[in-house]
Amino acid sequence: MDAPLYAPSSTAAEEATETAGVPPAEQADAPDDASAVPQVAAVSGARAGRDRRAEAHAALRELLLRGAFDVRERLVEVRLAERLGVSRTPVREALVRLVADGLVERRGEGYYPARPDLDELRDLYELRVTVELRGIARALESPGVTHDVRLLVPLRDRWRALSAQPPAPEPGFVAQDEDFHHTLLRASGNPRLTEALESVSRRIRPVRMYDYLTADRVRSTIVEHLEIVELVLADRLSDALTALHRHVGESLEVVEERAAHALAQQALRGH
């Protein structure tokens with residue numbers, strides 16, 4: 001369901017009104033590293049309000065995916081607005097959208113980085129495995145189901161480029177990992193399966209992103225992704241299914257171990 005839209009603030013008077021009554025602690029200066037924060041571009045004209053909202057959402061999403069906030073840190077509108085160089089209105093809407101994205105949760109009267117519990121995460125990982133394997137299994141079961149090479153060839157080429165020049169380990173790598181799995185499943189031809197996976201990905205993303213904090217984890221992910229997509233392109237679907245199953249978790253025990261490890265990494269990052 002789309003997040004509600006709020007009318008953008010457009011005058012200095014409105015900016016002052018938004019800040020009035022906010023406790024001094026919540027009007028604190030932006031952190032020293034604010035210059036490194038993705039900035040929201042200045043825009044004008046009829047598009048200005050929409051652009052500010054979209055850019056605030058994108059900038060906050062990037063910060064969350066980079067693990068820029070302590071998991072116990074309240075996301076205060078005034079501080080975030082100062083950090084991004086916008087009014088509170090686009091920040092307020094961005095937080096609502098990020099709740100729908102699964103990156104933020106509402107606790108009490110405030111917003112915080114999302115932190116799923118282990119039981120929920122285990123169930124979601126199990127659902128993820130089931131949905132992903134189905135994308136290849138359905139092609140094995142029916143000769144009429146084929147994968148779309150127009151999606152898979154560019155996907156393979158992107159990951160070959162990553163293999164040649166691996167990115168630095170950081171939480172944001174989860175976005176590229178998700179793109180691989182979503183595209184692979186989309187190529188199997190059942191959009192409902194892809195929608196289900198995208199929904200699960202949003203909910204496990206706040207923890208999964210802490211699975212990419214080491215160079216060896218990033219490298220192994222790239223190698224395994226290339227193996228899977230190349231097997232599908234070679235029409236070696238049985239081998240591809242085995243490789244995908246190994247990659248996403250061969251058993252519930254493996255899934256639980258990965259989930260627990262990711263949660264532990266998230267907790268350590270918070271401290």
Side-chain angles (χ1 to χ4, degrees), residues 1-44 47-116 170-175 178 201-210 212-213 265-271:
M1 183 171 62
D2 292 338
L5 298 180
Y6 299 89
S9 75
S10 56
T11 67
E14 188 172 354
E15 293 274 357
T17 301
E18 286 184 327
T19 308
V22 177
E26 295 193 2
Q27 297 185 34
D29 293 337
D32 293 339
D33 63 347
S35 60
V37 173
Q39 293 293 307
V40 176
V43 291
S44 60
R47 294 176 25 250
R50 291 192 302 273
D51 287 349
R52 288 193 191 98
R53 293 196 294 270
E55 290 165 1
H57 173 259
L60 283 177
R61 183 178 185 276
E62 181 179 341
L63 286 169
L64 286 159
L65 287 174
R66 279 175 16 200
F69 303 104
D70 187 308
V71 293
R72 299 158 299 179
E73 178 181 353
R74 182 176 177 179
L75 303 174
V76 179
E77 289 177 11
V78 171
R79 293 176 183 168
L80 295 175
E82 290 176 351
R83 193 167 182 175
L84 299 180
V86 297
S87 72
R88 290 174 62 198
T89 299
V91 170
R92 186 181 307 123
E93 181 183 336
L95 289 171
V96 173
R97 291 182 61 189
L98 288 163
V99 171
D101 290 343
L103 289 173
V104 168
E105 63 186 15
R106 189 76 183 258
R107 298 202 297 267
E109 296 300 316
Y111 292 99
Y112 296 83
R115 182 170 52 184
E170 53 100 15
F173 185 71
V174 72
E178 286 181 2
S201 295
R202 284 193 297 270
R203 297 173 67 183
I204 64 177
R205 183 185 301 139
V207 170
R208 281 201 68 238
M209 65 186 187
Y210 292 97
Y212 299 106
L213 301 182
Q265 290 295 323
Q266 184 190 45
L268 287 171
R269 184 84 169 198
H271 286 296

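Just so it is clear, the structure is predicted and the values come from calculations on it, not from any experiment.
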Gap separating the [atom1] atom of [X] from the [atom2] atom of [Y], nearest 0.5 angstrom:
X: R83; Y: L60; atom1: CZ; atom2: CG; value: 9.0 Å
X: H57; Y: R97; atom1: NE2; atom2: CZ; value: 4.0 Å
X: L63; Y: F69; atom1: CG; atom2: CZ; value: 4.5 Å
X: L98; Y: R106; atom1: CG; atom2: CZ; value: 13.5 Å
X: R88; Y: E82; atom1: CZ; atom2: CD; value: 10.5 Å

Mind checking side-chain contact (heavy atoms from CB on, under 4.5 Å) for Y112 and listing every partner two or more places apart, or none if nothing turns up?
R74, R107

The criterion is side-chain contact (heavy atoms from CB on, under 4.5 Å); which residues satisfy it with E170, sequence neighbours excluded?
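Checked E170 against side-chain contact (heavy atoms from CB on, under 4.5 Å); matches are R66.
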
Does the side chain of L95 reach to within under 4.5 Å of the side chain of L80, using non-hydrogen atoms?
yes

Are any of the side-chain heavy atoms of E178 and R208 separated by less than 4.5 Å?
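Yes - at least one pair of side-chain heavy atoms lies under 4.5 Å apart.
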
Got a sec, which residues hit salt bridge (Lys or Arg N to Asp or Glu O under 4.0 Å) with R61, two or more places apart in sequence or on another chain?
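In terms of salt bridge (Lys or Arg N to Asp or Glu O under 4.0 Å), with neighbours along the sequence ignored, R61 is linked to no residue.
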
Residue pair [X] / [Y]: nearest heavy atoms and the distance that separates them:
X: E73; Y: P113; value: O-CD, 3.2 Å
X: R52; Y: P90; value: O-CB, 3.8 Å
X: A59; Y: L84; value: CB-CD2, 3.8 Å
X: L103; Y: R205; value: CD2-CD, 3.6 Å

